[in-house]
Amino acid sequence: MKRASMKFWAVALATIVVTTAAQAGDTIKVGFLVEMTGTFSDFGQHIVNGATAYIQQHGDTVAGKKIVLIVRDTTGPAPEVAKRLAQELIVKDEVDFIVGFGLTPNALAVAPIVTEARKPTIIMNAATSVITTKSPYIVRVSFTLAQVTEPMAEWAYKNGVRKVYTLVADYGPGNDAEKTFKAAFTKLGGEIVGSVRVPLQNPEFGPFVQRIKDAKPEAVFAFVPAGELAVGLMKSYRERGLAKEGIRLLCTGDVTDDGVIDALGDSALGVISTHQYSMAHDSPENKAFLAAYAKVDTKLRPNFMAVAGWDGMAAIYEVARQLKGDIDPDKAMQVLRGLKLDSPRGPIQIDADTRDIVQDVYVREVKKVGDHLYNVEFDKFVAVKDPGK
Ligand code: PHB
């Protein structure tokens with residue numbers, strides 16, 4: 001009994017200390033809800049690495065406030081875990097911003113909570129169009145599947161492709177990708193000869209890919225989340241010999257993600273994708289990002305999620321500067337609406353009405369440069385809005 005009450009006071013004291021520090025107003029707390037373990041653990045690593053690289057490059061103090069990162073692991077697509085952690089970040093940790101979200105289901109689950117708490121929330125990956133409509137306190141610095149898919153459909157048709165089979169992961173962003181590709185490609189006169197949706201968890205690609213091979217399309221359009229699933233898809237594409245049959249792989253850049261591209265091996269050579277960021281993007285901003293990132297993580301190659309982590313922190317620093325360190329939620333949202341940044345991926349802007357990102361979408365080809373594979377950009381669609389709104 002005595003031990004229990006001692007423990008209670010220890011906890012109470014710790015809470016008071018934290019509260020006092022927060023009230024003293026000397027910090028800006030940024031709560032990360034990210035996948036740090038499980039199949040999607042790379043997502044959280046990329047996002048937190050990108051944010052950390054930004055802080056290392058720009059200093060951990062802005063407008064007289066020290067930036068404090070609090071990282072919480074959602075463990076995967078786990079809406080209930082995400083909700084509980086969001087509540088803790090708001091009530092217990094008293095964060096000023098909630099950021100992160102590799103996966104759509106976690107972002108959607110948290111939307112009502114951040115609305116209720118009036119907590120500025122920055123989506124650093126989750127890419128289903130509808131997310132930003134679910135709360136006036138959500139902005140997105142990543143991308144939407146519709147935004148990168150429509151350019152792919154246009155590029156494919158313009159380059160003579162007429163019969164396509166679609167393959168997507170069966171959840172929000174995959175459904176957006178399938179819908180967008182079908183609409184844009186058939187509007188131009190192309191034909192969809194078949195469509196398949198694979199499960200998000202542990203998909204067995206072989207039978208799906210075989211079905212596509214048997215249908216003999218000219219190309220497959222594919223979206224699966226970056227990382228392990230992309231590696232699995234590429235492996236089946238190679239093993240089932242689709243390339244040998246002349247069936248091209250056209251995809252969103254998630255499939256040829258910089259983080260795993262070397263693991264895809266030479267079978268990825270020549271694959272065409274559309275996306276917003278490539279490590280090979282040639283700009284001073286990207287060089288600065290890559291140099292800063294290399295000091296944070298020497299093993300994991302940075303990808304589009306790392307860049308969104310970087311840009312999300314850039315947005316927070318800008319809000320802090322404009323509000324002179326006093327983070328009022330509604331004033332913060334006002335700064336975020338319409339915000340323009342020179343991102344490592346190129347110029348980006350937050351649409352003031354939709355709070356979604358407007359950015360260039362690049363067409364890229366997987367090539368070997370030196371000892372490594374890269375998505376080499378060769379064409380671009382300028383200032384693309386989310387067509388899914
Ligand atoms: C998502 O869950 O919204 C998501 C995850 C990984 C991606 C793209 C979208 O590569």
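Atoms within a ligand are numbered from 1 in the order they appear, just like the ligands themselves. Numbers for residues simply follow the sequence, beginning at 1.
- For R72 and F32, the positive end is not near the middle of the six-membered ring at less than 6.0 Å and at most 45° from its axis.
- Counting only heavy atoms from C-beta outward, the side chains of R364 and S278 approach each other to under 4.5 Å.
- Note: H46 and W310 fail the aromatic proximity criterion, with ring centroids not under 6.0 Å apart.
- Residues meeting the salt bridge (Lys or Arg N to Asp or Glu O under 4.0 Å) test with D311, sequence neighbours left out: R345.
- Residue F143 is tested with Y277, F223, F304 for a ring pair (Phe, Tyr, Trp, His ring centres under 6.0 Å); the sole match is F304.
- Seen from the ring of F185, R162 does not count as a face-on cation partner, given the 6.0 Å and 45° thresholds.
- Using a 4.0 Å heavy-atom criterion, the residues that approach ligand 1 are F43, G102, L103, T104, N125, A126, A127, F143, Y171, P173, F223, P225, A226, D254, F304.
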